[in-house]
Asks: 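This is the structure I want to talk about, given as structure tokens.
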Amino acid sequence: MSQSDDTDRSSVPASSGVHPNLRWLSVILGLEALAMILVTGWLVVDLFTERATSMPTAIALTVLVAAGALWVVALFIASLRLARWVRAGALIWQVLQLAIAVGAFQGETAQPLAGIAILIPSVIAIALLLSKPVTAVLRHEDPDEEARYRSQRR
């Protein structure tokens, strides 16, 4: 490794184990997974306690949200395991959430606070996903960083 490579990367003390960007990305994905699980539970309860205008639509929405929850849980686990595919999957998920956030700001039933709650973590996650340290680790370009992260996870 050349001297310019050392100064180009963010410095992380060897004792800390992993770059904070990767930690924060995993935290955000974990919180998003938890939120999706809670929303799925809420929709299941609503199926049995509320009268739906269209039961097939309510069931379809619940199934889609449950599938989304499973996907985000898989992304969270993959981020902990440093799977290469997590970067693309998480980026797609964040872009989808951006679209949902924009929708929350519009229309007669606009919910700006919900839009902000969805928008802020998505923007942060996208910035983390595109950061140099996360890209290097998830592409397995930095074996030292990857080894520190894996040894800490044991």
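All figures in this text were calculated on a predicted structure; none of them were measured in a lab.
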Asks: Please determine whether residues Trp85 and Leu22 belong to a single hydrophobic cluster, defined as Ile, Leu, Val, Met, Phe, Trp and Tyr linked transitively by side-chain heavy-atom distances below 4.5 Å.
Replies: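 Linked within one cluster.
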Asks: Find the distance between CE (Met36) and CG (Leu29) and round it off to the nearest 0.5 Å.
Replies: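 It comes to 12.5 Å.
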Asks: Is there a chain of hydrophobic side chains (I, L, V, M, F, W, Y, each step under 4.5 Å between heavy atoms) that links Val63 to Val44?
Replies: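 Per the 4.5 Å side-chain linkage, Val63 and Val44 are co-clustered.
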Asks: Taking side chain as C-beta onward, heavy atoms only, is Arg87 less than 4.5 Å from Leu130?
Replies: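 Of all side-chain heavy-atom pairs linking Leu130 with Arg87, at least one is under 4.5 Å.
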Asks: Find the distance between CG (Leu70) and OG1 (Thr40) and round it off to the nearest 0.5 Å.
Replies: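 It comes to 7.5 Å.
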Asks: Group every Ile, Leu, Val, Met, Phe, Trp and Tyr by side-chain heavy-atom contacts under 4.5 Å, then state whether Val137 and Leu91 land in the same group.
Replies: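 Yes.
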Asks: Show, in sequence, the C-alpha distance, side-chain angles and deciding distance for Leu43 and Val39, and conclude whether the side chain to side chain contact (heavy atoms under 4.5 Å, CB included) test is met.
Replies: CA-CA 6 Å; Leu43 289 173; Val39 169; 4.1 Å; yes
Asks: Check for me, please, whether Ile120 and Leu31 land in the same ILVMFWY cluster - side-chain distances under 4.5 Å, paths through other members count.
Replies: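 Linked within one cluster.
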Asks: Within the 4.5 Å heavy-atom criterion, are Leu75 and Trp93 side-chain neighbours or not?
Replies: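 SC-SC contact between Leu75 and Trp93 confirmed.
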Asks: Quick check for you: to the nearest 0.5 Å, what is the distance between Ser122 atom OG and Leu129 atom CG?
Replies: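 That separation rounds to 10.5 Å.
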Asks: For Asn21 and Ser131, which heavy atoms make the closest approach, and how far apart are they?
Replies: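 Nearest heavy atoms, Asn21 then Ser131: ND2-OG, 3.1 Å.
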Asks: Distance from Leu113 atom CG to Ile118 atom CD1, nearest 0.5 Å?
Replies: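 These two atoms lie 11.0 Å from each other.
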Asks: Kindly give the heavy-atom pair with the smallest separation between Arg139 and Arg84, and that separation in Å.
Replies: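 Nearest pair, atom of Arg139 first, then Arg84: O-NH1, 3.5 Å.
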Asks: Go through Val123 and Leu98 one step at a time and tell me if the side chain to side chain contact (heavy atoms under 4.5 Å, CB included) criterion holds.
Replies: CA-CA 8 Å; Val123 169; Leu98 288 176; 4.0 Å; yes
Asks: Hey, quick one: are Leu119 and Leu96 part of the same hydrophobic cluster, counting side-chain heavy atoms closer than 4.5 Å, chains of contacts allowed?
Replies: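 Per the 4.5 Å side-chain linkage, Leu119 and Leu96 are co-clustered.
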Asks: Of the non-hydrogen atoms in Trp24 and Leu128, which two are nearest, and what is the gap between them?
Replies: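 Minimum heavy-atom contact is CB-CD1, 3.7 Å.
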Asks: Roughly how far apart are Ile28 CD1 and Arg23 CZ, rounded to 0.5 Å?
Replies: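 Result: 14.0 Å between the selected atoms.
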Asks: What is the minimum heavy-atom distance between Gln94 and Ala125, and which atoms define it?
Replies: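 Scanning both residues completely, I find the closest heavy atoms to be CD-CB, 3.5 Å.
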Asks: Where is the tightest heavy-atom contact between Ser26 and Ser79, given as atom of each residue plus distance?
Replies: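 Shortest heavy-atom separation between Ser26 and Ser79 comes out as OG-OG, 3.0 Å.
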Asks: Once rounded to the nearest 0.5 Å, what's the spacing between atom CZ of Phe76 and atom CG of Leu25?
Replies: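 Output value for this atom pair is 10.5 Å.
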